[in-house]
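Reading through the structure tokens given below for one structure.
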Amino acid sequence: MDAQDVQNDLTHVLMSREDVQDTITDLARQIDRDYADKDLLIVAVLKGAVMVVADLTRALHSHVELDFMAVSSYGSGTKSSGVVRILKDLDADLTGRHVLIVEDIIDSGLTLSWLKANLESRGPASVEICTLLRKPEAMKVDIDVKYVGRDIPNEFVVGYGLDYAEKYRNLDFVGTLAPHVYS
């Protein structure tokens, strides 16, 4: 699926495929540097982070373990409810491990704040966050994010794992969804 397939659904392309890949490569370079000689467990937050974590782990030059967690705070709407439910928990034990949560986007930060606190309660050596995108204007809680690919405007974006009603995830770029689609 490419931009022509959804051109009437988007107002503009925010990050091209090349922009996304360059950003992922930069994030991988920072993570490789910071976690050299450390036992790193990458926790991908499903479903949105699948594309990010797949490309990020391939761009890394060090060994990592990968696990997945699914949490929900959205229901069927476009804004976080703030009530978090674990849909799929981790398989790995976090005790003494360096954990890197990988997200596609940080919007309000409410879900991620809850998730970080939950993982920190499991006895890891450290818990850090990596995200492809962050919306500073939408943040409702102060959360420390060690790796940010790009700050973006407070617009509804889709593609590269980001969805609306489970659609648009398979775009290889990030675009702003036209209001007529979700209004």
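Only heavy atoms go into these numbers, but all of them, side chains included; no hydrogens, no water, no symmetry mates.
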Query - Derivation and outcome, side chain to side chain contact (heavy atoms under 4.5 Å, CB included), residues V157 and I152 - result: CA-CA 9 Å; V157 294; I152 63 169; 3.9 Å; yes
Report task. Assess whether side chain to side chain contact (heavy atoms under 4.5 Å, CB included) is satisfied between V43 and V102, documenting all intermediate values. Result -> CA-CA 6 Å; V43 173; V102 175; over 6 Å; no
Query - Criterion side chain to side chain contact (heavy atoms under 4.5 Å, CB included) on L66 and F68, from CA distance to verdict - result: CA-CA 7 Å; L66 183 59; F68 299 90; 3.8 Å; yes
Query raised in the report: Between T131 and D104, does a side chain to side chain contact (heavy atoms under 4.5 Å, CB included) hold up when you go through it step by step?
Result: CA-CA 5 Å; T131 187; D104 51 353; 5.8 Å; no
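Using a 4.5 Å cut-off between side-chain heavy atoms of Ile, Leu, Val, Met, Phe, Trp and Tyr, with links allowed through other members, L87 and V53 fall into different hydrophobic clusters.
Looking at heavy atoms from C-beta onward, L10 lies in side-chain contact with V158 at the 4.5 angstrom threshold. Put simply, the side chain of W114 reaches to within 4.5 Å of the side chain of V84, judged on heavy atoms. Using a 4.5 Å heavy-atom cutoff, the side chains of L56 and I31 are in contact. Using a 4.5 Å heavy-atom cutoff, the side chains of I129 and D144 are not in contact. In this structure, M69 and L46 have side chains that are not in contact, with every pair of non-hydrogen atoms separated by 4.5 Å or more. Looking at heavy atoms from C-beta onward, D89 lies in side-chain contact with I86 at the 4.5 angstrom threshold. The side-chain heavy atoms of V45 and L115, taken from C-beta on, include a pair separated by under 4.5 Å. In this structure, the side chains of Y168 and L162 stay at 4.5 Å or more apart for every pair of heavy atoms.
Remark: H63 NE2 is loosely packed, at most 12 non-hydrogen atoms of other residues, nucleotides or ligands lying under 6.0 Å away. Under a cut-off of 6.0 angstrom, the local environment of NZ in K88 is crowded, with over 12 non-hydrogen atoms contributed by other residues, nucleotides or ligands. Taking a 6.0 Å sphere around CZ of R169, one finds it holds more than 12 heavy atoms contributed by other residues, nucleotides or ligands. Within a 6.0 Å sphere centred on CZ of R122, heavy atoms belonging to other residues, nucleotides or ligands number more than 12.
T23 and D19 make their closest contact through OG1-O, 2.8 Å (heavy atoms, listed as atom of the first residue, atom of the second, distance). Scanning both residues, A178 and T11, for their nearest heavy atoms gives CA-CG2, 3.7 Å. Counting all heavy atoms, side chain and backbone alike, Y164 lies closest to V181 at CE2-O, 3.8 Å. Across L60 and A28, no two heavy atoms sit closer than the pair CD2-O, 3.5 Å. Smallest separation of non-hydrogen atoms from L27 and G149: CD2-N, 3.8 Å. Taking both residues in full, the closest heavy atoms of A92 and D67 are given as N-OD2, 2.8 Å, listed atom of the first, atom of the second, then distance.
Panel note: side chain S121, backbone N118; a donor-acceptor pair is recorded below 3.5 Å. Looking only at distances, a side-chain donor or acceptor of T25 sits under 3.5 Å from a matching main-chain atom of Q21. No side-chain donor-acceptor contact under 3.5 Å links N154 to the backbone of E137.
The line from CZ of R97 to CG of L119 is 12.5 Å long, rounded to the nearest 0.5 Å. Separating the NZ atom in K146 from the SG atom in C130 is a distance of 11.0 Å, to the nearest 0.5 Å. The structure places CD of E18 at 8.0 Å from CG of D172, a figure rounded to the nearest 0.5 Å. Atom CE of M51 sits about 12.0 Å away from atom CG of L132, to the nearest 0.5 Å. Note that CD1 of I105 and CG of L112 are 12.0 Å apart. Values are rounded to the nearest 0.5 Å. The CG atom of L41 lies 7.0 Å from the CG atom of L90; values are rounded to the nearest 0.5 Å.
H98 and Y35 have perpendicular rings, their planes meeting at more than 60° on a 0 to 90° scale where under 30° would count as parallel.
Looking at K47 and E166, a side-chain N of the basic residue comes within less than 4.0 Å of a carboxylate O on the acidic one, giving a salt bridge. Contact check on R29 versus D32 returns no salt bridge, with no Lys/Arg side-chain nitrogen under 4.0 Å from an Asp/Glu carboxylate oxygen. Here K135 does not pair with D151 in a salt bridge; the nearest charged N to carboxylate O distance is not below 4.0 Å. Taking the charged nitrogens against the carboxylate oxygens, R134 and E103 have no contact shorter than 4.0 Å, which rules out a salt bridge.
Between the side chains of D55 and Y160, at least one donor-acceptor pair of N or O atoms lies under 3.5 Å.
Listed by chain and number, the residues in a side-chain hydrogen bond (donor to acceptor under 3.5 Å, both in side chains) with D22 amount to none (sequence neighbours excluded).
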